[in-house]
2 protein chains.
Amino acid sequence: MQASFTEENYLKAIYHLSEEGRQQVNTNRIAMVLNTKPASVTDMLKKLSEKNLLNYTRYQGVSLTDPGRNIALKVIRKHRLWEFFLVEKLNFGWDEVHDLAEQLEHIQSVELINRLDSFLGFPEYDPHGDPIPKDNGTIKCYDLKPISALHVGETGTIAGVREHSPLFLQYLEKMNLVIGKKISMEEVIAYDETVVITTENNQKINISKAAAKNILITI
Amino acid sequence: MQASFTEENYLKAIYHLSEEGRQQVNTNRIAMVLNTKPASVTDMLKKLSEKNLLNYTRYQGVSLTDPGRNIALKVIRKHRLWEFFLVEKLNFGWDEVHDLAEQLEHIQSVELINRLDSFLGFPEYDPHGDPIPKDNGTIKCYDLKPISALHVGETGTIAGVREHSPLFLQYLEKMNLVIGKKISMEEVIAYDETVVITTENNQKINISKAAAKNILITI
DNA sequence: TTGTTGTTTTAGATGTGTCTAAATTTTTAA
DNA sequence: TTAAAAATTTAGACACATCTAAAACAACAA
């Protein structure tokens, strides 16, 4: 089953949206994340549905079929391996690689991506802590929690992020809140839910509620 | 000046055609190398001409403008750097990389390609012996000759090829006629212009006239 | 100079992915 | 239960790159 550049982007977006929420994904959300209009989304959903890549009934939202999910995972595999390559081999910052990987993820060649995987030493996670799907379509399922889910006194290690915008990643870099850092929850300010965390060297850092939701940790 | 995927392919093809022959490139040749129809070529030529990427007058063929040649050279730079990467880092054969590089050459990012260049150690030639254009748009001009131009008794070193099809490259590989090999011209069979060459270890190899025209050497 | 041949261009159509504006359906609130 | 609001879909159009068939042009030989 061959999917076009655009079709791949739709499938990937729908995969991400169904991961982060309920089963059925709605038209407006898709239009929003793909920077397009709901009418265009409807057109594409009909097309993908005819190709049996997703289940679609008018007004009811969509879910991926197995072939559809498979294509999405292949694209995500490519995206994350290229990100790893760009950071580890070409020394890009973790905030610079997303747009490049959006292009590279559409290069068609199973052989290429498997050799890249091998060249990189079969990494398990990309530079943002996201798991890299294997060639056979399996993907580690995350049991990461956002910092905001920690109770006061609890400790964790930063292992991922939930938002990939350059601005957010640059902010984390500047605060030295990078993957692998151990932190513990100090307190939550009642007024605006600002979170105070402590790093290994006993430094206290205040982060906003929004930021705390987007930093993921293992316990 | 941004050119689309397809526009880039036209500019690259026209660049290659004007290298290998006279100045003006004709419509039918372009259609042939791009695997498309002359009518489509005409449409595109009008478009590229309006963008000032080439000089076009009806029925008179085309030549690239400076901006057009510049885009073509950037694409060729990317193509050849990616080919080098695929062969040197991912261990592809020199006969396997062309189609992949045709995809990779359209990734848009000057930063990416310059970092790749640096990662690869600023190579001067791609795996087929073609010179890699520099970021500033300069390119080494070849003074390679085909084997068929050697006189009997003359010696040369294989430095490039004029044809990139997998079949031809696999044939060379099998005969061990790879870049760097020293050969000398033994004789030309009068009957069908088959060329007999001798390798360093005194092995005699017969190659057809067509093949001899497509293997390039330095003296 | 004229006619033939081969090349090139125009005219009109198709497929993909997008859009706006209007209509329809679902959801929510009264 | 019904009306208003929100979400979704249809209808009709456009841009891009392509195609076929037919017309226009160039080059060459007689």
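Predicted, not measured: the structure shown is a model, and the values here were computed from it. Naming: A, B, ... by sequence-line order, numbering from 1 per chain.
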**Student:** Is it true that A/E50 and A/K46 have a side-chain N and a carboxylate O under 4.0 angstrom from each other?
**Tutor:**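 A/K46 and A/E50: not salt-bridged.
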**Student:** Could you tell me whether A/K134 atom NZ has more than 12 heavy atoms of other residues or ligands within 6.0 Å of it?
**Tutor:**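 More than 12 heavy atoms, drawn from other residues, nucleotides or ligands, come within 6.0 Å of this atom.
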**Student:** Using heavy atoms to find the nearest nucleotide of DNA chain C for A/N35 and B/V41 separately, return the residue whose nucleotide is more 5′.
**Tutor:**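 Final value for this comparison: B/V41.
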**Student:** Looking across every strand, which nucleic acid part, if any, lies under 4.0 Å from A/F5 by heavy atom: base, sugar-phosphate, or nothing?
**Tutor:**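 Result for A/F5 = nothing.
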**Student:** Donor-acceptor pair under 3.5 Å: do we get one between B/Y59's side chain and the base of C/dT7?
**Tutor:**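 Between C/dT7 and B/Y59, which were checked side chain against base, a qualifying N/O pair under 3.5 Å is absent.
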**Student:** Roughly, in whole Å, what's the span from CD in A/E8 to C1' in C/dT16?
**Tutor:**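 For the pair A/E8 CD and C/dT16 C1', the rounded distance is 15 Å.
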**Student:** Considering only D/dT10, D/dT9, C/dT9, which nucleotide approaches the side chain of B/T27 most closely?
**Tutor:**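 Given the options D/dT10, D/dT9, C/dT9, the side chain of B/T27 is closest to C/dT9.
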**Student:** Name the closest nucleotide to the B/M44 side chain, picking from D/dT18, D/dA21, D/dT10.
**Tutor:**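 Nearest nucleotide to the side chain: D/dT18.
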**Student:** Closer to the 5' end of DNA chain C via nearest nucleotide, is it B/L45 or A/P38?
**Tutor:**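 On the 5' side of the pair lies B/L45.
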**Student:** With a distance cut-off below 6.0 Å to the six-membered ring centre and an angular limit of 45° from the axis, does B/K89 pair with B/F119 as a cation-pi contact?
**Tutor:**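 B/K89 over B/F119 ring: yes.
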**Student:** So, is B/R58 close to the C/dT10 phosphate, meaning a side-chain N or O under 4.0 Å from OP1 or OP2?
**Tutor:**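 Result: yes.
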**Student:** To the nearest Å, give me how far apart CG (B/N28) and C1' (D/dA26) are.
**Tutor:**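 Answer to the nearest Å: 13 Å.
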**Student:** Separation of B/K37 atom NZ from C/dT7 atom C1', in whole Å?
**Tutor:**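 For the pair B/K37 NZ and C/dT7 C1', the rounded distance is 16 Å.
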**Student:** Check every strand shown and say whether B/T6 touches a base, only sugar-phosphate, or nothing at a heavy-atom separation below 4.0 Å.
**Tutor:**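 Counting heavy atoms under 4.0 Å across all strands, the contact made by B/T6 is with sugar-phosphate only.
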**Student:** Find the distance A/I30:CD1 to D/dT8:P and express it as a whole number of Å.
**Tutor:**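 Computing the A/I30:CD1 to D/dT8:P distance gives 9 Å.
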**Student:** Determine, using ring centers only, whether A/F5 and B/F5 are less than 6.0 Å apart.
**Tutor:**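 No, they do not, as the ring centres are separated by 6.0 Å or more.
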**Student:** Give the C-alpha distance, both sets of side-chain angles, the deciding distance and a yes or no for side-chain hydrogen bond (donor to acceptor under 3.5 Å, both in side chains) between A/N9 and A/H106.
**Tutor:** CA-CA 9 Å; A/N9 278 335; A/H106 300 290; 3.0 Å; yes
**Student:** Can you tell me which nucleotide in D/dT8, D/dT18, D/dT10 comes closest to the side chain of B/T36?
**Tutor:**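 Taking heavy atoms from C-beta onward, the closest nucleotide is D/dT18.
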**Student:** Just how far, in rounded Å, is P of C/dT8 from CE of B/M32?
**Tutor:**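 After rounding, the gap between these two atoms is 11 Å.
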**Student:** Just to confirm, is there a sub-4.0 Å distance from OP1 or OP2 of D/dC19 to any side-chain nitrogen or oxygen of B/S40?
**Tutor:**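 Yes, such a contact exists.
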**Student:** What is the separation between atom CG on A/D43 and atom P on D/dT10, rounded to the nearest whole Å?
**Tutor:**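 Those two atoms, CG and P, are 9 Å apart.
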**Student:** With a 4.0 Å cut-off on N to O distance, would you call A/E102 and A/K12 a salt bridge?
**Tutor:**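 Yes, A/E102 and A/K12 are salt-bridged.
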**Student:** In whole angstrom, give the distance that lies between atom CD of A/Q60 and atom P of C/dT25.
**Tutor:**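 Between P of C/dT25 and CD of A/Q60: 12 Å.
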**Student:** Are OP1 or OP2 of D/dT18 and a side-chain N or O of B/Y10 less than 4.0 angstrom apart?
**Tutor:**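 B/Y10 to D/dT18 OP1/OP2: side-chain N or O found under 4.0 Å.
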**Student:** I need the CG-C1' distance between B/N26 and D/dA26, as an integer number of Å.
**Tutor:**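 So the CG-C1' distance, B/N26 to D/dA26, works out to 13 Å.
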**Student:** Between C/dT10 and B/K46, is there an OP1 or OP2 to side-chain N/O distance shorter than 4.0 Å?
**Tutor:**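 Checking B/K46 against C/dT10: at least one side-chain N or O falls below 4.0 Å of OP1 or OP2.
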**Student:** Taking only side-chain N and O atoms of B/Y56, does any of them lie within less than 4.0 angstrom of OP1 or OP2 on C/dT9?
**Tutor:**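 B/Y56 to C/dT9 OP1/OP2: side-chain N or O found under 4.0 Å.
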